[in-house]
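Every chain is numbered from 1 and lettered A, B, ... according to where its sequence line falls, protein lines coming before strand lines.
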2 protein chains.
Amino acid sequence: MAPTETKDNVKRLFSEYLERHGHRKTPERFAILTEVYDHEGHFDIERLYARMKGKNYRVSRATLYNTMDLLLECDLVRKHRFGQAQAQFEKAHSYKQHDHLICTSCERVTEFCDPRIQSIRATVSEVTGFRVHHHALHLYGQCRECAEKNQTPSRPIGT
Amino acid sequence: MAPTETKDNVKRLFSEYLERHGHRKTPERFAILTEVYDHEGHFDIERLYARMKGKNYRVSRATLYNTMDLLLECDLVRKHRFGQAQAQFEKAHSYKQHDHLICTSCERVTEFCDPRIQSIRATVSEVTGFRVHHHALHLYGQCRECAEKNQTPSRPIGT
DNA sequence: GTTTATGCAAAGGCTTTGCATTTCA
DNA sequence: TGAAATGCAAAGCCTTTGCATAAAC
């Protein structure tokens, strides 16, 4: 649950973005933004749809997909493909920079932080001229629990 | 084009893997492995299918998907989801460790190396007990050329 | 001779699209 | 009022699955 100041902040950012690009400020768009910032962790479109439906807020999946594109464009959400079929989303503001550990046995996704990734970004920019906007570092393997159970990976290791 | 010694090596590795797991050594499986190791860079299933078809080697897409799963399991290929719909593959052996820059303007994917990523892996393992098997670091942004053209991103920025 | 793999086509699942209706500006 | 967004359902696309046929072992 994001603090109120954050919610107000992202609403303002979204509002400004919509204005700047000549998009309409529909209630659906802000309802989706609010729902996204009301929860921690990852979610896919289907979960978001279910959550809003559960609150008796009717939005179509099409609008969810469209709005997520807008939120991606203005950097209010981030999109991941950890290996499953569906894309995973997470809010991008008011959330410390972090990366992901993906357990290929139990499929759980956890987070970690390491400041050195920033140095890598800086060096790469400097050397190649590539302007890094954002990054994703995924470490695949076995979480401590699965490693202790000595399980073998339950699916092809990839992505 | 991988050197002959590499090709022989991966064939042996694949052969051993198949034996160890009670899988059959079909000509299709080795033909696919060979095709994969004959090219540099990324490819998706469709490209692989087209390439083999172009050489008059008939394999079904189903077999391609199945075989890629086997090759993933024995670490002879790596799988990526850079943001497009289809998964991208690349050979994993005889190829220096590298990560990827994805230009969100022109969609081009280039490679870079940074040894610090290994230190991050080590630290995370140590601290969390997560056994890192492999990783993927994706830097999203604009390549030098697109940045110079001062283009705006052509699609929602995201994984 | 069994059992596993291949190939084809159909099914599946996530995402996008088309179009009528609604609604923001 | 006019243009853009929503919602629904249908279409698309990549991938998986089922089943008959072929081929390892």
Side-chain angles (χ1 to χ4, degrees), chain A residues 11 14-35 42-50 52-53 56-74 77 79-89 107 154-156 158-159, chain B residues 11 14-33 35 42-50 52-53 56-74 77 79-89 154-156 158-159:
Chain A
K11 273 182 201 164
F14 193 32
S15 186
E16 284 169 7
Y17 167 80
L18 292 174
E19 224 160 72
R20 202 170 346 112
H21 292 266
H23 292 136
R24 292 181 179 171
K25 300 177 187 176
T26 68
E28 287 84 0
R29 287 174 175 169
F30 286 97
I32 293 166
L33 176 67
T34 300
E35 188 59 38
H42 310 106
F43 60 90
D44 56 31
I45 293 291
E46 206 51 37
R47 273 169 76 92
L48 187 56
Y49 181 78
M52 297 190 75
K53 199 173 184 179
N56 279 329
Y57 197 103
R58 291 179 54 71
V59 237
S60 68
R61 266 167 269 252
T63 299
L64 288 178
Y65 280 107
N66 289 336
T67 304
M68 294 316 279
D69 278 350
L70 293 174
L71 292 174
L72 280 168
E73 263 176 50
C74 59
V77 303
K79 186 178 176 179
H80 296 283
R81 308 289 302 254
F82 291 122
Q84 312 123 51
Q86 344 83 280
Q88 300 286 124
F89 299 89
E107 314 256 311
S154 59
R155 64 182 174 91
T159 303
Chain B
K11 272 181 202 163
F14 193 31
S15 186
E16 286 170 4
Y17 167 81
L18 292 173
E19 225 159 72
R20 203 169 346 113
H21 288 77
H23 292 136
R24 291 181 180 171
K25 299 175 187 176
T26 69
E28 286 84 359
R29 286 174 176 169
F30 287 97
I32 292 165
L33 176 67
E35 188 59 38
H42 310 107
F43 60 91
D44 56 32
I45 293 291
E46 206 51 36
R47 272 169 76 93
L48 186 56
Y49 180 78
M52 298 190 75
K53 198 175 185 178
N56 279 331
Y57 197 103
R58 292 179 53 71
V59 238
S60 67
R61 267 168 268 253
T63 299
L64 289 178
Y65 280 107
N66 290 336
T67 304
M68 295 315 281
D69 278 349
L70 294 174
L71 292 173
L72 279 169
E73 263 175 49
C74 59
V77 305
K79 186 178 177 180
H80 295 283
R81 308 289 303 255
F82 291 122
Q84 311 122 49
Q86 342 83 280
Q88 299 286 124
F89 298 89
S154 60
R155 65 183 173 89
T159 296

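- With rounding to whole Å, Leu48(B) atom CG is found 15 Å from dT15(D) atom C1'.
- Atoms NZ and CG, on Lys79(A) and Asp69(A) in that order, are 6.5 Å from each other to the nearest 0.5 Å.
- Checked against side chain to side chain contact (heavy atoms under 4.5 Å, CB included), Thr26(B) has the following partners two or more places apart in sequence or in another chain: Arg24(B), Glu28(B), Arg29(B).
- Using a 4.5 Å heavy-atom cutoff, the side chains of Arg47(B) and Asp44(B) are in contact.
- Residue Leu64(B) comes nearest to Ile45(B) through the heavy atom pair CD1-O, 4.0 Å, listed as atom of the first residue, atom of the second, then distance.
- Between the P atom of dG7(D) and the OH atom of Tyr57(A) lies a distance of 8 Å, rounded to the nearest Å.
- Nearest-nucleotide positions on DNA chain D place Gly22(A) closer to the 5' end than the other of Gly22(A) and Arg58(A).
- In the helix from dG1(C)-dC25(D) to dA25(C)-dT1(D), the rotation axis of the first five pairs and that of the last five pairs differ in direction by 30°, rounded to 10 degrees.
- For the pair Leu70(B) CG and dT16(D) P, the computed distance is 13 Å after rounding to whole Å.
- Between the P atom of dC13(D) and the CD1 atom of Ile45(B) lies a distance of 18 Å, rounded to the nearest Å.
- Between the NZ atom of Lys53(B) and the CZ atom of Arg61(B) there is a distance of 7.0 Å, given to the nearest 0.5 Å.
- No engagement by Arg61(A) is indicated, since no non-hydrogen atom pair under 4.0 Å with the nucleic acid exists.
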* Structure fact -> In B/S/- notation (B base, S sugar-phosphate only, - none; protein heavy atoms under 4.0 Å), nucleotides 19-25 of chain D written 5' to 3' is ----BBS

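- Looking at every heavy atom in both residues, Arg81(A) comes nearest to Gln84(B) through NH1-O, 4.1 Å.
- The two residues Tyr57(B) and Ala31(B) make their nearest non-hydrogen contact at CZ-CB, 3.4 Å.
- Protein atom CG of Leu33(A) is 17 Å distant from nucleotide atom P of dA5(D), rounded to whole Å.
- Boundaries of the chain B contact region on DNA chain C are dT3(C) to dC8(C), first to last in 5' to 3' order (nucleotide atom under 4.0 Å from a heavy atom).
- OP1 or OP2 of dT15(D) lies within a sub-4.0 Å distance of a side-chain N or O belonging to Tyr65(B).
- Val59(A) places none of its side-chain heavy atoms less than 4.5 Å from the side chain of Glu35(A).
- Between Asn66(B) atom CG and dT15(D) atom C1' the separation is 11 Å, expressed in whole Å.
- Separation of atoms OG (Ser15(A)) and NE2 (His23(A)) is listed at 13.0 Å; rounding is to 0.5 Å.
- For Leu64(B) and dC14(D), the CG to P distance is 14 Å, given to the nearest whole Å.
- The side-chain heavy atoms of Phe82(A) and His42(A), taken from C-beta on, include a pair separated by under 4.5 Å.
- Residues satisfying the ring pair (Phe, Tyr, Trp, His ring centres under 6.0 Å) test with Phe14(B), not counting sequence neighbours, are Phe30(B).
- The phosphate of dT6(D) has neither OP1 nor OP2 within less than 4.0 Å of any side-chain N or O from Ser60(A).
- Here Tyr17(B) pairs with His21(B) under the ring pair (Phe, Tyr, Trp, His ring centres under 6.0 Å) rule; sequence neighbours left out.
- Ile32(A) places its CD1 atom 7 Å from the P atom of dT6(D), with the value rounded to the nearest Å.
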